[in-house]
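The structure displayed is predicted, hence computed values, not measured ones. Letters A, B, ... are given to chains in the order of the sequence lines, protein chains preceding strands, and every chain is numbered from 1.
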There are 2 protein chains.
Amino acid sequence: MKGTYTYEYPRPSVTTDCVIFGFDAEGLSVLLIERGIEPFKGCWAFPGGFMQMDEDAETCARRELEEETGLKDVHVEQFGTFSDVNRDPRGRTVTIAHFALVKKAQVKGADDAAQAKWFPIGSIPPLAFDHDRILRVALKALREKIHFEPVGFELLPQVFTMPQLQDLYESILEVKFDRRNFANKMLKLGILTEVDDGTIRRGTRNPIKYSFNPESYSQMKAKGFRLEF
Amino acid sequence: MKGTYTYEYPRPSVTTDCVIFGFDAEGLSVLLIERGIEPFKGCWAFPGGFMQMDEDAETCARRELEEETGLKDVHVEQFGTFSDVNRDPRGRTVTIAHFALVKKAQVKGADDAAQAKWFPIGSIPPLAFDHDRILRVALKALREKIHFEPVGFELLPQVFTMPQLQDLYESILEVKFDRRNFANKMLKLGILTEVDDGTIRRGTRNPIKYSFNPESYSQMKAKGFRLEF
DNA sequence: TTGTTTATGTGTGAAAATTACGCAAATTAT
DNA sequence: ATAATTTGCGTAATTTTCACACATAAACAA
């Protein structure tokens, strides 16, 4: 692979980066990797790397994601490209930024790979390059996206409770909802399936379990809709 | 500028493209340029070109826009990056796609530059490269954007009428609204200023003139809002 | 000129959606 | 045991959306 490649005009490097969102009882967080080398040694960064000639951006982002964190088969989506002239001190680099949504519970063991660590969205350490800006844009993209698609379900375990779902929405949108109205709205969407876990008790501290119903959702999507919050 | 530039690893070319939206009584349209050379000779394409080492993507898009169409000082915004391995038969190329919103009325004279031509959104000729896909994504981005920001005002003349504004929204969103409800909603937003053109008559075929009020809008934006349609 | 058609502005009641809120039951904590 | 918390359920009040009719002046047709 390594060799010499010559062009008539100078070309920037092209990389991808991946902002990995996870969610649990502590709220929304992102998975970061500590840089072991200069520049920005000791700072934290999103997993990412150079795009190969035989892969497109999303493929690259998924490859880097797996290589650096072990994560695969997750929701990955491009949200912006960052091309400031001086964003990388080593040379001109353009990065195509993605966000990934992962079910944090099922990942707990997977991040043995390297020095990856989850940081709550409110306690982000110093980031390398322009990654702080990238994070802000990623959050904005996620917040807007949640109005059109139930992205939240990518972040929750397969089976979850209404309070969990509400916490998630409140974390992402940074607002508070009335318990009962939130549940009503969600249920009226018709994309939740009640999971029977044996316990039949109701109206109690033991919450009902739900799972997301992709079939209902795709039907719903075909007709066009908006999630209003 | 031209010379030889050598790298250890191969790099794709990086370009920008610009989907230019305009609007008039005939509806929404895009400004295209006819290709005079292969590949895709005779097809139409968005203005665009190679990113220089001393400019970021938006700067590049604006430069190409002015060079190829004469347009400047317009709304330009990135909406996606296209990186399919075979999207350009001449070699690996990544393009950072933007859309521009222009006041078509004020442009009529500016497109003497080259073989630029407006095409209604419903009558698009064969496009070069993956520009048909790029156009579809651009339209989707515009439709979503209009729910969060009054982008429409970039497309109308400084002074416009309520029916014009409604036509614009109907063209972009491809729906029909009730005249009275649309006007009520728009006026309630508080971002329109009535323009006194001397004529004091009301409730007649002679429509009231409005202009967009950026101050009210930025106040409104600070509080956070959504345009619902 | 005259009559006809079309586009525009205005307001109101009905329907729907949103919001606010109280209570009872079971788990958890003390 | 007792108290506090979490959860589910339902309803009344409010707000927002929606559908709709008419009067006026301009544009058009004769």
Euclidean distance, atom [atom1] of residue [X] to atom [atom2] of [N] [Å, nearest integer]:
X       : N       : atom1 : atom2 : value
N206(B) : dA23(D) : CG    : C1'   : 16 Å
K188(B) : dG11(C) : NZ    : P     : 14 Å
R180(A) : dC21(C) : CZ    : C1'   : 6 Å
F182(B) : dT17(D) : CZ    : C1'   : 15 Å
N184(B) : dA19(D) : CG    : P     : 14 Å
N181(B) : dG9(C)  : CG    : P     : 14 Å
K209(A) : dT6(D)  : NZ    : P     : 17 Å
R179(B) : dG11(C) : CZ    : C1'   : 13 Å

Throw together a table of side-chain donor-acceptor distances under 3.5 angstrom for residues 181-193 of chain A, partners on residues two or more places apart or in other chains.
| from | atom 1 | to | atom 2 | distance (Å) |
| --- | --- | --- | --- | --- |
| N184(A) | ND2 | R180(A) | O | 3.3 |
| T193(A) | OG1 | N213(A) | ND2 | 3.2 |

From dA7(C), dT17(D), dA26(C), nucleotide with atom closest to R205(B) side chain: dA7(C)

If you only use heavy atoms from C-beta on, which nucleotide in dC20(D), dC21(C), dG9(C) is closest to the side chain of D178(A)?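 Nearest to the side-chain atoms of D178(A), counting from C-beta on, is dC21(C).
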
Using 30° and 60° as the class boundaries, would you call the ring planes of Y210(B) and F160(B) parallel, tilted or perpendicular?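 Y210(B) and F160(B): tilted rings.
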
Could you walk me through whether T95(B) and I134(B) pass the side chain to side chain contact (heavy atoms under 4.5 Å, CB included) check? CA-CA 10 Å; T95(B) 196; I134(B) 293 178; 4.0 Å; yes

Quick check on dT19(C): is either OP1 or OP2 less than 4.0 Å from any side-chain nitrogen or oxygen of K185(A)?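 Result: yes.
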
Is it true that E66(B) and R62(B) make a salt bridge, defined as a side-chain N closer than 4.0 Å to a carboxylate O?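 Result for this pair is no, no salt bridge flagged.
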
